Amino acid sequence: MASKKGNLSINSENMFPIIKKWLYSDHDIFYREVISNACDAVTKIRKMDMMGEYELPEGFKPRVDVVLNDKEKTIKITDNGIGMTAEEVEEYINQVAFSGATDFLNKYKDKANADQIIGHFGLGFYSTFMVSDSVDIDTLSYKSDAASVHWTCDGGSDFEMSDGEKKEVGTTITLHLSDDCLEFCNEYKAREVIEKYCSFMPYDIYLSRENEEGTETIKASEKLDSDVVIEEVHPDKKEGEDKEPELEYKIKRRPQLLNDTHPLWAKTPKDCTNEEYLEFYRKVFRDYKEPLFWIHLNMDYPFNLKGILYFPKINMEFESIEGTIKLYNNQVFIADNIKEVIPEYLMLLKGVIDCPDLPLNVSRSALQNDGFVKKISEYISKKVAEKLAGLCKTDKENYDKYWDDISPFIKYGCLKDDKFCEKMNDYILFKNLDGKYLTLPEALQINKEAEDRAASDDPKGVDDDAYANDAEESSRNGEDDSMHQTARSDADKSEDKKDEKEEKEPRIIYYVTDEQQQSQYIKMFKAQKMEAFVMKHNIDTPFMQQLESKNEGISFKRIDADLTDTFKSKTSKKAAKELEEKEKEISEKLKKALKNDKLVVKLEKLKDKKMSSMLTVSEESRRLADMMKMYAMNGMSMGDFGASEGQTLILNANHPLVQYVMDNKDEKNTEMICEQLYDLARIQNAPLDAESMTKFVERSNEIMLILAK
């Protein structure tokens, strides 16, 4: 076959049903498209007036009217904009997807600012056929010699054009609704849809019903020239009043104004009051709980972006924390929570963003330029980080108050956005056990000071014979006082080197996940003036891992993950050796009594002499166990992993019960005491399982019976 070139033949009869049914996913969007076109027409005629090519009539007030007639099944949308000639109807309506907005911009690109022209595709008008059996256009151009035009089409490829009867400059589009779309000429439905899409369009939008029978009463001073007066009303004079009451009029119900043409985000922040921000929040989001604070975005370069982001107060336990960020293009609503524009973690906020530069697709519901959109998203993230950092530096008191509510945003943001995490690193707060909020650097410093105190020769918590035994042992080895002093000096040098080494070792931040369950550990920490921080939400575990990866030398440990020297009494070398020998003996006794050969048992002299036993679980093992539980919740079988992995039972050699076990290994009650010591340690660490709890209660009763005898 010979090669052939040519043009594709597009059959409008086949294409039009596709446009009609599939151009937009939501059929109610026709309101947005037609009203947007009407606003464009008004913008154009005002620009023609500014350029001296047309003179607006005196008292001109730009407006768009939506008139419903449920009896006739029609919707009329009228503007007092630029209108069209017969040639323009032929060009812009009869040629599908030839955009009048684009043509206007090209024609006047050197004279007019394009920012406020909403439509750029030329397909918006055809959205009317999604809900209509037929559509009429009646239009009169602003041009002095123009004639009125009437156009009608039943949704096929055929149309009719003729001279019209319209007397005023502008355009009226009449939709003859399909039977399955009659809801759109219901007043309440129409108001709902128009307020959804058009609440902030730049010109007044009025809604009314044709042949309106409703009335309202106004004062004479409030009467407008457009009001249709039905009768005068003379109110009765009230007792005690000197003046005659003002005359009133009963008038035909006025059209309802549905939009705010000057949204708050379009103003500069210095011109907005706190009450205006709060009123805007209540109006747009129907939320009467006051937001914590807000960020007003206002940028002109390298792209145009304005908006307001609110940080709402969240009840984490009972409410969804998903917010709503409304995206606008030139004050025309596009969609909620478009993930390409709004950083994912900011979806928790409530707010509005208006960006005329967004590269939208034909239906305005998706974006076309990933690179440009990414820059917008990064800018929004940067401004939020700057606002939070500034608040922490200049208004720390309020920042502390906000923290519990805003921490989910910040923690989630740190997990999702490395740049945001870097900017917020020094402004992340940790709430300590007394409810005080500290930054990351402050949290690290406090525990370092406590550890330094423990490493010094502080007599608190030191065995009475610690140094005496060492001195006695040195004397037996023939060491004199000067040698002992030299040893002391060498020890000091060793301590200095140790301090230098510690500076390079990881700094630890301790945390608590359950203040009630871990109360015994908390008591120990407070006694040593150590700090631990409350981190009880699900997001905290991945958040801590993120901070560890971003901050070299920092690690997080739960309060029961380890037992450092800070909590141990100082012992002599001789006492430490004796303790080590006793540890082997009592470890064997515990393992035999508990029938658990894998259990790790340590014997230590703790400063808190009232604590008999405690359990530590290494941070790594516990995190791995938590992860396995999470997988198990998702249906994966993990067996019994984590039941005893990384556990260490610590017995306090300073406690009488432990001393009893050491001195009476073969007594009949020793095994029961061993079991009780183990369960007491476990119950401080995590809830006992059902079987263990039953045994613990039975054993406790048995012990009390022994005491009662």
Side-chain angles (χ1 to χ4, degrees), residues 263-265 269 277-278 280-281 284-287 289-299 303-316 319-329 333-360 365-367 369-392 399 402-425 427-429 537-540 542-543 546-547 550:
L264 195 63
W265 73 74
Y277 283 116
L278 294 173
F280 183 80
Y281 180 77
V284 174
F285 301 104
R286 304 288 194 271
D287 187 350
K289 295 192 297 291
E290 286 194 5
L292 299 171
F293 59 95
W294 47 85
I295 299 172
H296 196 141
L297 305 170
N298 195 334
M299 185 177 185
F303 44 79
N304 190 343
L305 183 145
K306 300 181 189 301
I308 305 171
L309 297 179
Y310 290 90
F311 282 71
K313 186 174 179 61
I314 292 174
N315 183 335
M316 296 286 290
E319 292 180 3
S320 165
I321 60 172
E322 183 177 356
T324 301
I325 296 184
K326 297 178 176 294
L327 184 65
Y328 289 80
N329 185 298
F333 176 72
I334 303 302
D336 288 327
N337 296 350
I338 292 187
K339 64 181 184 299
E340 293 91 346
V341 178
I342 314 299
E344 186 176 355
Y345 67 96
L346 290 183
M347 296 292 190
L348 306 173
L349 304 185
K350 294 182 179 181
V352 294
I353 288 176
D354 192 341
C355 186
D357 297 332
L358 282 177
L360 303 174
S365 61
L367 303 172
N369 185 331
D370 291 339
F372 182 75
V373 171
K374 185 179 179 182
K375 290 180 181 177
I376 295 175
S377 179
E378 288 175 351
Y379 166 77
I380 294 170
S381 176
K382 175 186 173 186
K383 297 305 290 185
V384 170
E386 288 175 356
K387 172 70 174 182
L388 293 170
L391 192 61
C392 184
Y399 191 69
Y402 299 150
W403 179 255
D404 286 346
D405 288 290
I406 66 175
S407 61
F409 307 113
I410 296 175
K411 291 175 181 178
Y412 190 41
C414 288
L415 291 173
K416 303 301 292 186
D417 186 340
D418 286 344
K419 289 183 179 178
F420 180 80
C421 189
E422 289 172 13
K423 289 184 176 70
M424 290 303 304
N425 193 73
Y427 309 107
I428 293 163
L429 298 186
H537 295 301
N538 292 336
I539 197 172
D540 284 327
F543 173 64
Q546 172 80 345
L547 289 184
K550 296 296 178 185

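Model, not experiment: these values are computed from the prediction.
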- [ ] Could you please spell out the steps behind the side-chain contact (heavy atoms from CB on, under 4.5 Å) verdict for Val352 and Phe280?
- [x] CA-CA 10 Å; Val352 294; Phe280 183 80; 3.9 Å; yes

Taking it one step at a time, do Ile380 and Leu305 satisfy side-chain contact (heavy atoms from CB on, under 4.5 Å)?
CA-CA 9 Å; Ile380 294 170; Leu305 183 145; 4.3 Å; yes

- Under the side-chain contact (heavy atoms from CB on, under 4.5 Å) criterion, do Lys387 and Phe293 qualify, and how do the steps go? CA-CA 10 Å; Lys387 172 70 174 182; Phe293 59 95; 4.3 Å; yes

Item to complete: For the pair Gln546 and Asp418, evaluate side-chain contact (heavy atoms from CB on, under 4.5 Å) and give the outcome as yes or no after the intermediate values.
Response: CA-CA 9 Å; Gln546 172 80 345; Asp418 286 344; 3.4 Å; yes

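Other residues, nucleotides and ligands contribute only 12 or fewer heavy atoms inside 6.0 Å of the NZ atom of Lys382.
The shortest distance between side-chain heavy atoms of Asp287 and Tyr310 does not fall below 4.5 Å. You'll find the side chain of Pro312 stays beyond 4.5 Å of the side chain of Asp405, heavy atoms only. Contact annotation: the side chain of Trp294 never approaches that of Leu349 to less than 4.5 Å [non-hydrogen atoms, C-beta and beyond].
Aromatic pair Trp265/Tyr328: centroids less than 6.0 angstrom apart. Aromatic pair Tyr427/Tyr399: centroids not less than 6.0 angstrom apart. The aromatic ring centres of Phe409 and Phe311 sit less than 6.0 Å apart.
Cys421 approaches Lys550 most closely through the heavy-atom pair SG-CG, 4.1 Å. Of all heavy-atom pairs between His296 and Pro269, the closest is CG-CG, 3.7 Å. Pairing each heavy atom of Cys355 with each of Ile376, the nearest pair is SG-CD1, 3.7 Å. Between Met424 and Ile410, the shortest heavy-atom contact is CE-CD1, 4.0 Å.
The distance from atom CD1 of Ile308 to atom CG of Leu297, rounded to the nearest 0.5 Å, is 8.5 Å. One finds the OG atom of Ser407 at 7.5 Å from the CG atom of Asp540 (value rounded to the nearest 0.5 Å). With values rounded to the nearest 0.5 angstrom, Leu346 atom CG is found 12.5 Å from Lys416 atom NZ.
Remark: Lys306 engages Asn298 in a side-chain hydrogen bond (donor to acceptor under 3.5 Å, both in side chains) (not counting sequence neighbours).
Put simply, the side chain of Tyr345 never gets that close to the backbone of Leu415: no donor and acceptor are under 3.5 Å apart. Remark: side-chain polar atoms of Asn425 are not paired, donor with acceptor, to backbone N or O of Glu422 under 3.5 angstrom. Looking at Trp403, its side chain does come within 3.5 Å of a backbone N or O of Leu429 through a donor-acceptor pair. In this structure, the side chain of Ser381 does not engage the main chain of Ser377 through any donor-acceptor pair within 3.5 Å.
Tyr281 and Glu290 form no side-chain donor-acceptor contact under 3.5 Å, judged by distance and modelled atom types alone.
Using a 4.0 Å cut-off between a side-chain N of Lys or Arg and a carboxylate O of Asp or Glu, Lys383 and Glu386 qualify as a salt bridge.
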